[in-house]
Amino acid sequence: MDCKRIIVAIDGYSSSGKSTMARRLAAAAGYRYIDSGAMYRAVTLKAMRLGYVSADRIDADAICAMMDDTSVDFRPSADGQITLLDGNDVEREIRTMQVSALVSPVAALPCVRRSLTRMQQAFGQSKGIVMDGRDIGTTVFPNAELKVFVDAGPETRARRRFKELIDKGENTTYEAVLANVTERDHIDRTRAESPLRCADDAVRFDNSDMTLAQQDEMLMRLFDEAVKRHVD
Ligand code: CDP
């Protein structure tokens, strides 16, 4: 049977494991994976480098103007993919706590959201894509054939992210990571433009007590069902 290619939208809270889920599903399905959070992080990194955002100020006009000549793309690599900002590899830098600390205010700017939403929609033009983020099922692809919303308690999420950062050699504390996760949740949920929320037609689940294998199995089942529903 010739299966239709679908769009899978995976949204959820900070460090809920969405990216791991999305990456693994994309690999299993032979789909393209797009990390929309990496796009917001890359734009934030550029704004930081240009001095347009810091802990105590944000120059919205300069950031909006910057978006006209900013490109974010991805290149496959041995262990997943590399984020390219204006053609240059920024994968490592965008994952630091410095970027995490500034990304949510930048991502709340409507001009940034509109510009990145357009780029994300272009990635999904021929379907066969798994995209993770905060507003994929609500704003970027409201007609996605499968929408999943992932959650886990804040402490579980902070523990996961803290371990990831320490494994990468970053010098931080669990308390700092928990504070960042909680603050981003708040900004992402309360911003005016496409706030983080569960789409009405999304499958919602909490993965606090799930193993990776259980998570993969559940997602694969949802995926197979969604593909079947959309076969002509
Ligand atoms: O650190 P984590 O993996 O949880 O976050 P991320 O997916 O890398 O996203 C970083 C930040 O980008 C989020 O906290 C949001 O402020 C913003 N974001 C967004 O506003 N919309 C998206 N679709 C994806 C990310």
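Note that ligands are numbered from 1 as they come in the structure, with each ligand's atoms numbered from 1 the same way. Treat the numbers as computed from the prediction; the structure is a model and nothing was measured. When reading the values below, keep in mind they use all heavy atoms of this one structure, side chains included, and skip hydrogens, waters and symmetry mates.
- Looking at atom 17 (C) of ligand 1, its nearest protein heavy atom turns out to be Ala107 CB, 3.7 Å.
- From the protein, the heavy atom lying nearest to atom 10 (C) of ligand 1 is Arg184 NH1, 3.5 Å.
- A side-chain donor from one of Arg41 and Ser100 sits under 3.5 Å from a side-chain acceptor of the other.
- Under 4.0 angstrom from ligand 1, the non-hydrogen atoms of Arg191 all belong to its side chain.
- Contact of the Leu84 side chain with the Val90 side chain is not registered, since no non-hydrogen atoms from C-beta on lie closer than 4.5 Å.
- In this structure, a donor-acceptor pair under 3.5 Å is absent between the side chains of Arg134 and Tyr40.
- For the residue pair Arg157 and Ser16, no side-chain donor N or O sits within less than 3.5 Å of a side-chain acceptor on the partner.
- In terms of protein heavy-atom proximity, atom 13 (C) of ligand 1 is nearest to Arg134 NH2, 3.2 Å.
- Nearest protein neighbour of atom 23 (N) of ligand 1, counting heavy atoms only, is Asp135 OD1, 2.8 Å.
- Shown in contact with Gly37 at under 4.0 Å from a heavy atom are these atoms of ligand 1, numbered in order with element: 6 (P), 7 (O), 8 (O), 9 (O), 24 (C), 25 (C).
- Regarding atom 4 (O) of ligand 1, its nearest protein heavy-atom neighbour is Ser15 N, 2.6 Å.
- Scanning the protein heavy atoms around atom 24 (C) of ligand 1, the nearest turns out to be Ser36 OG, 3.3 Å.
- By the 6.0 Å and 45° rule, Arg159 does not stack over the aromatic ring of Tyr174.
- In this structure, the protein non-hydrogen atom closest to atom 21 (N) of ligand 1 is Arg113 NH2, 2.9 Å.
- Residues Arg95 and Glu164 have side chains not in contact (no heavy-atom distance under 4.5 Å, counting atoms from C-beta outward).
- Nearest-residue assignment for atom 3 (O) of ligand 1 (options Arg161, Arg41, Lys18; heavy-atom criterion): Arg161.
- Not close to ligand 1: Arg157, with no non-hydrogen atom less than 4.0 angstrom away.
- The distance from ligand 1 to the heavy atoms of Ser14 drops below 4.0 Å at these ligand atoms: 4 (O).
- Asp188 OD1, 2.6 Å is the protein heavy atom nearest to atom 16 (O) of ligand 1.
- Asp11 has its side chain out of reach of Val150: every pair of non-hydrogen atoms, C-beta onward, lies at least 4.5 Å apart.
- Residues Ser194 and Arg113 have side chains that bring a donor and an acceptor to within less than 3.5 angstrom of each other.
- Defined by atom type and a distance below 3.5 Å, a donor-acceptor pair is present between the side-chain atoms of Asp132 and Tyr33.
- Ligand 1 has no N or O atom lying under 3.5 Å from any N or O atom of Asp132, backbone or side chain.
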